[in-house]
Student: 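Handing you this structure, nothing more for now.
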Amino acid sequence: MRKFTSRKYRPYISGSAALAALALAAFPQAGHAAESDDEASGAQDEAAAIVVTASRSGDGVRADQLGASVTVLDSEALEQRQTRVVSDILRDVPGVAISRTGAIGGQTAARLRGSEGNHVLVLIDGIEAADPYMGEYDFGTLISDPAAKIEVLRGQQGSLYGSDAIGGVIHYITLSGREAPGISIRGEGGSFGTVGGAVRVAGASSDFDYAVSSSLHHTSGYPTARDGVRDLASTSLGASAKLNWTPSDNFKLTGVLRYSWTDADTNDTENDSTKPDFGHIVDSPGVHYVNEAFYGLLAAELTALDGRWTNTLTGQFSDTQRKGFNLDGLNYGDKGQRYKGSFVSSLRLGNDAISHRLTAAVDVEREEFQNTSPYAFNGRRHTDNVGLVGQYELYAGNFSAGVSVRHDDNNRFDNATTWRVQGSYRLPTDTRIRAAYGTGVKNPGYFELYGYMDGRYIGNPNLKPEKSEGWEAGLEQSFMDGKVTLGATYFDSVLTDEIYTTYPAPDYVATPSNRVTKSKQNGVELFLAARPVPQLRLDASYTYLNAKEDGVVEVRRPGDIASFNATWFSKDEKFSATLTVRYNGRTDDVAYTDPSWVPVRVSMDPFTLVNLNAQYEVIKGLSVFGRVENLLNEDYEEVFSFATPGTSAYAGISARF
C-alpha cells in the first residue's frame, strides 16, 4: 500500500499553561524517610532493577536473577523522555508492538511477542485493569502520572495470574510517598491546541506514607481521515491516591484508589459501497466516546517468624463504563465490573548464601458484563473463577530457579491448569544465561460470547478458551562493572484454539469462532542498557518477530521494531537533553474495502519517528522544558487508513518542592 500524501494537519504552538488549579488539597508534608532526589537519580542499569511482578510473594526480585524476560522503565526514563501518553514509551520495550486507531485517545492496543492485545495482562498498582466487557485494556485511556514506573514481564505467565497473561504482563506502578516524597507541579502547551499538566503531593513519616496525584491532557487534535478536515479532540483525566500505614513491625495496610476519564472524538469507516472511499476512515461529525473507570485496592499484610513468613489479604475492584455517541445520541455502550479477593502466604527459608521462597495463593474473582447499546441484547452476565497458585523460588549466589503452577476452576469454561519453570545462572565472566518454559490460557470475553453490533457482529457463546505454550532462552553480558549490559533472547510460542472473526455465507455476518489451526510466534529480542559515565544514559532495543497463523502473517505485528534513547546531562545536572528514535517495520493489516464486508489484506510501509527534548533548571526546583515530536515530519500509518500527525512542538514549566 502506498503512503498517502494528501493528509492535512495544522500544527501550531500555543503558550505553556500551568495547571495549578489541578492541585488537590494537600496533606501536610511529612518528614522525608526516603533517599534524596540526588541519591534516587544515581545510575541504575536495567539489570539491577527490582521487579515485583515476577513473584506472587510480593517481594521484589532483582531483574538479573530472573529466568524470565523483563524490562523496567523507571521513573527517570519516563521523565527524561517527557512521557505524557503511557503507550508511547512502551514502544521502547523489546517485543512490544503498539497500534493506535487515530489521534490521542483513540483505541490503543499493546501486543507482546506477537500475541493479541487481549493476551496481555495489564496491572495498575496491582489492580487488574482490563475492561471486563472487552477483555482487554485500552491504553488510549492511560496518561502518565508523575513519579511512576513500568514493569514489562514477557512470556506466558498464566501460572501466576491466570487468564489473559499469554503474551506477558504490563504493570504500571505509581511510586509511594516514601519512594518519592515532595510536591511537584507541571504545566505545558503546544501543537494541535494541546494543554496539559500534573500535580503530585507525597510524603512519609515513621509509620505512614501517602502519594496523591492528578494528570490532565487535552488536545484539539488533527484529522485522522486521509483527506479529512475534522480535527479529533480528546480530553483525558487521571487521579490516584496510594496510602501505606505500618503501625508495627509486623503489620502493614495499603490502600489504592484510581479514577480515569477520557472523552475522545473518533471517526467511522465509510459503509456506503457506492462511494470511492468505501471501507476507509472518513470524517464523522459528532462521533466520540466517553470512557470512565474506577479502581480500588485494599491490602493487609501480617508478618511472623522475624519477617520470614508473610500473609497478605487483598481485595480489589474495577468498574469500567464506555459509551459511544453519534449525531443521533448514544450509539453503543457497555459496562464491566471485576471483584477480586486474594490470599497470599509466603515462607522464606535459608540464609544469605542459599534462600528458598515458598508461596501459595488463592484468587477468587467475579467479572460482570452488560451491553448497554440501544441496538443490542442488554442482558447482564457474569463469570466466576477460583485460582489456586503454588510457587517455589530458589536463590543461591549466581544461580536462581523457579517453578509455579496454577489451577483455575471456572463456572463458564473448562477448568485449566498452567505451569512455568525458569532458571538463571551468572558465569564468572559476568555472562548470564537464562531460560524459561510456560503455558497460558485466555478465556473469551463477553463481547466475543454475546456481542451484537448493528447487525454486523454476533457473538458465539460456544467459544473455547485459547491456549498457549512456549519457551525462551537468553544471554546477557555486562561490561564496565555493570555500567553496560547487552542482552539477546530467542522465544518460540504456539497458540491453539485462537479466537478469530469469520464471515459465513450467505449473509457474511461477522461472528467469532475457534481456529482448528495453530498460530506460531517466534523471534529475537535485543537490548542495550548503558550508563558508561554519569552524564550519559543509553537505552536501545530491537525485536525481530515471525508471527503467523497457518502460514499467514498476523496483522498489526511489525516484523521489525527498534528504538534508541540517549540522554545527556550537564555536569551540574541542571540541563539534560534526550534523543528518541523509534522504528516500526512493515506491517500487515486488514481493510474492509470489499462490498461483501470480507476483509482484504493490506501492507503498510515502515516508518521512523524521531523525538528531541530538553530540560533546564532555572533555579533550584524550577525548570523549563520543551520537546519536538516527529522531528523529521514522517508521513505514516500504523493502522489502515488512519492518518497520523506531522511535526509537533510543546513547551512548559515544572516545579518541585
Side-chain angles (χ1 to χ4, degrees), residues 1-11 85 87-88 90-91 97-111 116-117 134 136 138-142 191-192 194 219-234 236 262-272 275-289 291 324 326 331 501 554-558 561 582-594 597 599-609 629-630 633-648:
M1 182 193 74
R2 66 176 179 86
K3 288 186 180 179
F4 61 92
T5 58
S6 58
R7 178 192 59 207
K8 300 177 182 178
Y9 62 87
R10 296 186 295 276
V85 179
S87 59
D88 285 345
L90 289 175
R91 300 175 190 269
I98 301 294
S99 60
R100 185 170 69 202
T101 55
I104 290 176
Q107 187 171 5
T108 306
R111 295 176 172 85
E116 277 293 353
M134 295 301 297
E136 179 176 347
D138 180 5
F139 277 94
T141 65
L142 183 59
S191 299
F192 313 119
T194 298
T219 177
S220 298
Y222 52 85
T224 63
R226 289 183 179 177
D227 298 306
V229 296
R230 182 195 181 212
D231 292 332
L232 297 193
S234 70
S236 291
T262 298
D263 185 346
D265 292 338
T266 58
N267 279 329
D268 288 338
T269 302
E270 177 57 67
N271 58 17
D272 186 345
K275 294 186 177 181
D277 51 3
F278 171 70
H280 294 74
I281 299 302
V282 294
D283 283 349
S284 309
V287 176
H288 69 110
Y289 81 90
N291 190 94
N326 57 24
N331 186 42
T501 304
E554 298 270 25
V555 301
R556 299 187 185 179
R557 298 158 177 83
I561 305 173
R582 293 166 177 152
Y583 172 79
N584 200 87
R586 183 172 297 278
T587 308
D588 283 5
D589 204 349
V590 292
Y592 292 84
T593 53
D594 188 310
W597 285 97
V600 297
R601 181 72 60 130
V602 295
S603 180
M604 295 174 293
D605 291 338
F607 60 87
T608 301
L609 301 179
E629 298 182 353
N630 194 3
N633 199 32
E634 181 81 335
D635 187 7
Y636 67 101
E637 289 181 3
E638 62 183 15
V639 177
F640 172 70
S641 89
F642 280 93
T644 48
T647 302
S648 58

Student: Just how far is it from atom CD of Glu637 to atom CG of Asp589, taken to the nearest 0.5 Å?
Tutor: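 Between Glu637 CD and Asp589 CG, I get 9.0 Å after rounding to 0.5 Å.
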Student: Just checking, Arg226 and Phe640: is the charged tip under 6.0 Å from the six-membered ring centre and within 45° of the axis?
Tutor: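 Yes, a cation-pi geometry holds between Arg226 and Phe640.
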Student: Which atoms form the tightest heavy-atom contact between Tyr592 and Phe278, and what is the distance?
Tutor: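 Closest approach of Tyr592 to Phe278: O-CE2, 3.7 Å.
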Student: Whether the side chain of Asp138 engages the backbone of Thr108 through a donor-acceptor N/O pair (distance < 3.5 Å, no angle test) should be reported.
Tutor: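 Pair found, side chain donor or acceptor close to backbone of Thr108.
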Student: If I take atom CG from residue Leu142 and atom CG from residue Asn291, how far apart are they, to the nearest 0.5 angstrom?
Tutor: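 Atom-to-atom, Leu142:CG and Asn291:CG are 11.0 Å apart.
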Student: When rounded to the nearest 0.5 angstrom, what distance separates CG in Asp277 from CG in Asp272?
Tutor: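 Rounded to the nearest 0.5 Å, the CG-CG separation comes to 9.0 Å.
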Student: Are Ser220 and Asp231 packed together at the side-chain level, in the sense that at least one heavy-atom pair is separated by less than 4.5 angstrom?
Tutor: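 Not touching, per the 4.5 Å side-chain cut-off.
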Student: Testing the basics here: between Ser87 and Phe139, what is the closest heavy-atom pair and its distance to 0.1 Å?
Tutor: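 In this case the closest contact between Ser87 and Phe139 is CB-CB, 4.0 Å.
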Student: Would a distance-only check, ignoring hydrogens and angles, find a side-chain to backbone donor-acceptor pair under 3.5 Å from Ser648 to Ser191?
Tutor: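 Not at all, since once roles are kept as given, no pair shorter than 3.5 Å links the two residues.
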Student: How far apart are the closest heavy atoms of Ala225 and Asn267, and which atoms are they?
Tutor: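 In this case the closest contact between Ala225 and Asn267 is N-ND2, 4.0 Å.
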Student: Check Glu638, Arg556, Arg557, Arg111 against Ser99 for a side-chain hydrogen bond (donor to acceptor under 3.5 Å, both in side chains) and give me the one that passes.
Tutor: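 The side-chain hydrogen bond (donor to acceptor under 3.5 Å, both in side chains) with Ser99 is passed solely by Arg111 among Glu638, Arg556, Arg557, Arg111.
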Student: Just by distance, with hydrogens left out, do Ser234 and Thr219 show a side-chain donor and acceptor under 3.5 Å apart?
Tutor: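 Per modelled atom types, Ser234 and Thr219 side chains form no pair under 3.5 Å.
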Student: If you measure from NE2 on His288 to CG on Asn331, what distance do you get to the nearest 0.5 Å?
Tutor: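 Here the interatomic distance stands at 10.5 Å.
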Student: Look at the side chain of Thr587 and the backbone N and O of Gly585, then say whether any donor-acceptor pair between them is shorter than 3.5 Å.
Tutor: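 Yes.
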Student: Where do Arg582 and Thr608 land on the side-chain contact (heavy atoms from CB on, under 4.5 Å) test, with the steps shown first?
Tutor: CA-CA 6 Å; Arg582 293 166 177 152; Thr608 301; over 6 Å; no
Student: How far does CG of Leu609 sit from CG of Asn633, to the nearest 0.5 angstrom?
Tutor: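 Answer rounded to 0.5 Å: 10.5 Å.
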Student: Taking only residues two or more places apart in sequence or in another chain, which ones pass ring pair (Phe, Tyr, Trp, His ring centres under 6.0 Å) with Tyr289?
Tutor: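 Ring pair (Phe, Tyr, Trp, His ring centres under 6.0 Å) check on Tyr289 returns nothing, list empty.
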Student: Please give me the minimum heavy-atom distance between Val639 and Met604, naming the atom from each residue.
Tutor: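 Closest approach of Val639 to Met604, heavy atoms only: C-SD, 3.6 Å.
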Student: Would you call His280 and Thr269 a side-chain contact if the rule is heavy atoms closer than 4.5 Å?
Tutor: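 Side-chain contact under 4.5 Å: no.
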Student: Less than 4.5 Å apart, side chain to side chain, heavy atoms only: is that true for Thr644 and Arg100?
Tutor: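 When only atoms from C-beta onward are counted, Arg100 and Thr644 do not touch, as no gap falls below 4.5 Å.
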Student: Do any N or O atoms from the side chain of Thr224 and from the backbone of Phe642 form a donor-acceptor pair under 3.5 angstrom?
Tutor: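 Checking the backbone N and O of Phe642 against the side chain of Thr224, no donor-acceptor pair under 3.5 Å is found.
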Student: To the nearest 0.5 Å, what is the distance between CZ on Arg91 and OH on Tyr583?
Tutor: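 Taking CZ in Arg91 and OH in Tyr583, the distance rounds to 14.5 Å.
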Student: Which heavy atom in Glu634 sits nearest to a heavy atom in Asn630, and how many Å separate them?
Tutor: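 Minimum heavy-atom separation between Glu634 and Asn630: N-OD1, 2.8 Å.
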Student: Would you name the heavy atoms of Pro645 and Tyr222 that are closest together and state the gap between them?
Tutor: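 That closest heavy-atom pairing would be CD-OH, 3.1 Å.
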